[in-house]
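A short worksheet on the structure shown next.
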Amino acid sequence: MPLLAHHVPRPAQTPAGTTLVIDRPDDWHLHLRDGEELKAVLPHTAAQFHRAIIMPNLKPPVTTTALALAYRKRILEARPAGSDFDPLMTLYLTDNTPADEIHRAKASGVVHAVKLYPAGATTNSDSGVTDLKHTYKALEAMQEAGMVLAIHGEVTDRDIDVFDREKVFIDEKLIPLRRDFPALRVVFEHITTKDAADYVATAEGEIAATITAHHLLYNRNALFQGGIRPHYYCLPVLKRELHRQSLLEAATSGKPRYFLGTDSAPHAMGDKESDCGCAGCYTALHALELYATAFEAVGRLDRLEGFASHFGPDFYRLPRNAGKVRLHRQDWSIPTALPYGDRIVVPLAHGETLGWRFEASLQTNDASR
Ligand code: DOR
Ligand code: ZN
């Protein structure tokens, strides 16, 4: 499936040899898994990004500060030699998260957000929230402490069409929630619709959204191009073209409420190419190249740096990175398989040709140490 299988007019190609240098970026939404799988995927993210917000949907989920600290230690130990990758931890919100746990998380200095998964919304979300009312004590503590709530914004009601679940979540859950907690800092994760982009643009209070590269590059046709394509299946699922256009407009608008979050979510090939395939696209290998491709397609490479490197740390109240990274114009073929523990993982757009290549991280970071 060609990258950019859609109707955006492609600007004249940047000439071969051109380089793109931007401030060192961070990934504000990432799944790193654990154990041997963690060791397999972490080098890809650590090569391109200085920091990442680490999703807590392990089995069992990271529900306490103690678990987050232990997971952080395993991530630090799995870093490639010489890497200064800095994992920003999150807690998994449940119906029973006590206010105390939020205070412990805040005091730890290493937990930067609490993740809301509506129960059953996605991979390992069975312990997620069944009713937002059950979380009000924890949300009150978060609002008070200035802790970010990162939201998987989909309702889980099986009667709601899967393509409508984000919009219904905004109307029925997010708006009432933010009315009750107007000072709560919210990141609406991996937005996939015009409705979400528009809501974030105009909503009052401290709210931002992350946007994945795959939702900028593909619409839902990608799932069915010549047959069913499990490696393009993620949640929230790809939407129709008008939504993709709207996300591209938001991401390349230069508005600080939208920033980079890959939602790179590896699954072993057999678990995706299956009778009931897992949701998640693996993009850590080529994240910046995918984003550069999307931005270039609308003639907005000049806006990539704000989206990838500035607006995320500004929202999370962290310093911007000091270093730079360089990409250069070069065609290369995305591999069809990568080692993943004792199995393999298939990266997004495997076998396709990318026109940008990540080259180097130009200096180490000391601003956030
Ligand atoms: O596609 C997805 N994969 N969406 C999620 O929300 C979770 C993720 C995963 O953990 O595999
Ligand atoms: Zn995710």
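Quick caveat, the model's predicted, so the values are computed rather than measured. Counting convention: from 1, in listed order, for ligands and their atoms alike.
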>> Is there a polar contact between ligand 1 and Pro236, counting only N or O atoms under 3.5 Å apart?
In response: no
> Counting each atom of ligand 1 from 1 as listed, which ones have a heavy atom of His152 under 4.0 Å away?
Replying inline: 6 (O)
>> So, applying side chain to side chain contact (heavy atoms under 4.5 Å, CB included) with Pro182, which one of Gln143, Glu204, Glu206 is it?
In response: Gln143
> If you measure from the Lys or Arg side-chain nitrogens to the Asp or Glu carboxylate oxygens, is any gap between Asp23 and Arg320 under 4.0 Å?
Replying inline: no
> Are the side chain of Thr252 and the backbone N or O of Arg300 linked by a donor-acceptor pair below 3.5 Å?
Replying inline: no
>> Is it the case that the side chain of Tyr291 and the backbone of Ala213 share a donor-acceptor pair, with hydrogens and angles ignored and the cut-off at 3.5 Å?
In response: yes
> Side chain or backbone of Ala265 under 4.0 Å from ligand 1, or both, or neither, by non-hydrogen atoms?
Replying inline: side chain
> Is it the side chain, the backbone, both or neither of Lys272 that has a heavy atom closer than 4.0 Å to ligand 1?
Replying inline: neither
> Is there a side-chain contact between Leu30 and Met55, using heavy atoms and a 4.5 Å cut-off?
Replying inline: no
> Taking atom OH of Tyr71 and atom CG of Leu91, what is their separation to the nearest 0.5 Å?
Replying inline: 13.0 Å
>> Do Phe188 and Ile170 make a side-chain contact, defined as non-hydrogen atoms from C-beta onward lying under 4.5 Å apart?
In response: yes
>> So, using side chain to side chain donor-acceptor pair (under 3.5 Å) as the criterion, who are the partners of Arg179 when residues are at least two apart?
In response: none
> Can any side-chain N or O of Glu289 pair as donor or acceptor with the backbone N or O of Gly355 at less than 3.5 Å?
Replying inline: no
> Closest non-hydrogen protein atom to atom 1 (O) of ligand 1, residue and atom name please, with distance?
Replying inline: Leu235 N, 2.8 Å
> So which heavy atom in the protein is nearest atom 3 (N) of ligand 1, and how far is it from that ligand atom?
Replying inline: Ala279 O, 3.0 Å
> Do Ile211 and Phe259 come within less than 4.5 Å of each other through their side chains, counting heavy atoms only?
Replying inline: no
> Do the rings of His29 and His190 sit parallel, tilted or perpendicular, given the 30° and 60° boundaries?
Replying inline: tilted
>> Show the atoms of ligand 1 that are less than 4.0 angstrom away from any heavy atom in Arg33.
In response: 9 (C), 10 (O), 11 (O)
> For ligand 1, is His267 a contact, meaning one of its heavy atoms is under 4.0 Å away?
Replying inline: yes
> Listing residue and atom name, which protein N/O/S atoms are closer to the Zn ion (ligand 2) than 2.8 Å?
Replying inline: His29 NE2, His31 NE2, Asp263 OD1
> Numbering the atoms of ligand 1 from 1, which are under 4.0 Å from a heavy atom of Cys234?
Replying inline: 1 (O)
> Can you tell me the protein heavy atom closest to atom 5 (C) of ligand 1 and the distance?
Replying inline: Thr122 OG1, 3.0 Å
>> At less than 4.0 angstrom from any non-hydrogen atom of Asn57, what atoms of ligand 1 do you find?
In response: 9 (C), 10 (O)
